[in-house]
Amino acid sequence: MSKVYTGKVMIPGDKIDEYFKFLEAAEKKRGPFKQFLLQLNNEFAGYLSAHFAKKQLENIHFKKWWKRKIWDSTTSDKIRVALKKFFNFLAEGKNIINEKVLKSFE
């Protein structure tokens with residue numbers, strides 16, 4: 001299992017270049033996963049747009065929905081609805097199924 005370290009880190013001046021190289025390498029390693037998440041976010045936005053279009057709600061975009069439902073007034077109920085929609089999108093649109101999570105929304 002991964003360990004998470006918190007707190008301040010002191011880097012000696014003679015090791016700063018090594019530290020920056022490490023950060024750059026770590027960012028490159030995360031690149032494919034970051035791209036996957038960005039693509040998933042874009043596809044989820046399309047899914048939400050299509051879902052709302054079926055209900056004849058025009059000109060609703062993901063950013064407006066997020067700002068109105070989540071960002072400005074985050075409550076546990078609203079977070080639950082957003083997560084439910086996201087996990088339904090994963091199950092229906094991407095065939096990524098987490099039975100335990102889906103059953104928890106019933």
Side-chain angles (χ1 to χ4, degrees):
M1 176 172 273
S2 298
K3 292 184 180 182
V4 176
Y5 298 96
T6 61
K8 294 182 179 181
V9 176
M10 294 189 58
I11 301 166
D14 62 335
K15 301 285 185 179
I16 196 75
D17 289 334
E18 184 180 330
Y19 174 72
F20 285 132
K21 287 178 185 177
F22 172 77
L23 285 179
E24 187 178 332
E27 187 65 29
K28 284 181 183 178
K29 283 184 179 180
R30 285 190 297 264
F33 182 66
K34 188 175 180 179
Q35 285 302 115
F36 172 75
L37 291 179
L38 289 172
Q39 180 64 31
L40 197 60
N41 185 38
N42 289 334
E43 290 177 18
F44 181 51
Y47 170 83
L48 288 176
S49 294
H51 177 73
F52 288 129
K54 290 178 186 176
K55 294 183 177 184
Q56 298 176 349
L57 296 176
E58 296 179 0
N59 299 324
I60 294 183
H61 301 288
F62 179 70
K63 287 183 180 179
K64 289 181 184 177
W65 177 85
W66 176 266
K67 185 175 180 182
R68 189 178 73 248
K69 296 289 187 179
I70 304 298
W71 190 49
D72 285 344
S73 57
T74 304
T75 65
S76 60
D77 289 337
K78 290 180 180 181
I79 291 172
R80 182 176 169 84
V81 169
L83 288 173
K84 182 178 180 180
K85 287 182 181 183
F86 179 68
F87 278 97
N88 283 334
F89 158 73
L90 289 177
E92 295 170 11
K94 303 300 289 178
N95 202 27
I96 300 172
I97 299 169
N98 186 326
E99 290 293 333
K100 186 177 179 181
V101 173
L102 292 173
K103 285 182 182 179
S104 72
F105 291 123
E106 293 176 353

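Position 1 is the first residue of the sequence; numbering continues from there.
- With values rounded to the nearest 0.5 angstrom, N42 atom CG is found 11.0 Å from L37 atom CG.
- Partners of E43 according to the side-chain hydrogen bond (donor to acceptor under 3.5 Å, both in side chains) rule, which considers only residues two or more places apart in sequence or in another chain, are Q39, K94.
- Within the structure, ring pair (Phe, Tyr, Trp, His ring centres under 6.0 Å) pairs that include any residue of residues 77-99 comprise F44-F86, F44-F89, Y47-F89 (at least two apart or interchain).
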Validation: residues 96-103 side-chain donor-acceptor distances under 3.5 Å, sequence neighbours left out:
unit_1	atom_1	unit_2	atom_2	d
N98	OD1	K100	N	3.3
N98	OD1	V101	N	3.2

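- K84 is linked by a salt bridge (charged side-chain N to carboxylate O under 4.0 Å, His left out) to nothing, counting only residues two or more places apart in sequence or in another chain.
- The side-chain hydrogen bond (donor to acceptor under 3.5 Å, both in side chains) check on E24 picks up nothing, with sequence neighbours excluded.
- To the nearest 0.5 angstrom, L38 atom CG is 10.5 Å from F33 atom CZ.
- Remark: P12 engages D14, K15 in a side chain to side chain contact (heavy atoms under 4.5 Å, CB included) (not counting sequence neighbours).
- For residues 30-41, the pairs satisfying salt bridge (Lys or Arg N to Asp or Glu O under 4.0 Å) are E27-R30, E27-K34, with sequence neighbours left out.
- Cluster annotation: I11 and L23 are assigned to the same hydrophobic cluster (Ile/Leu/Val/Met/Phe/Trp/Tyr, side-chain heavy-atom contacts under 4.5 Å, transitive).
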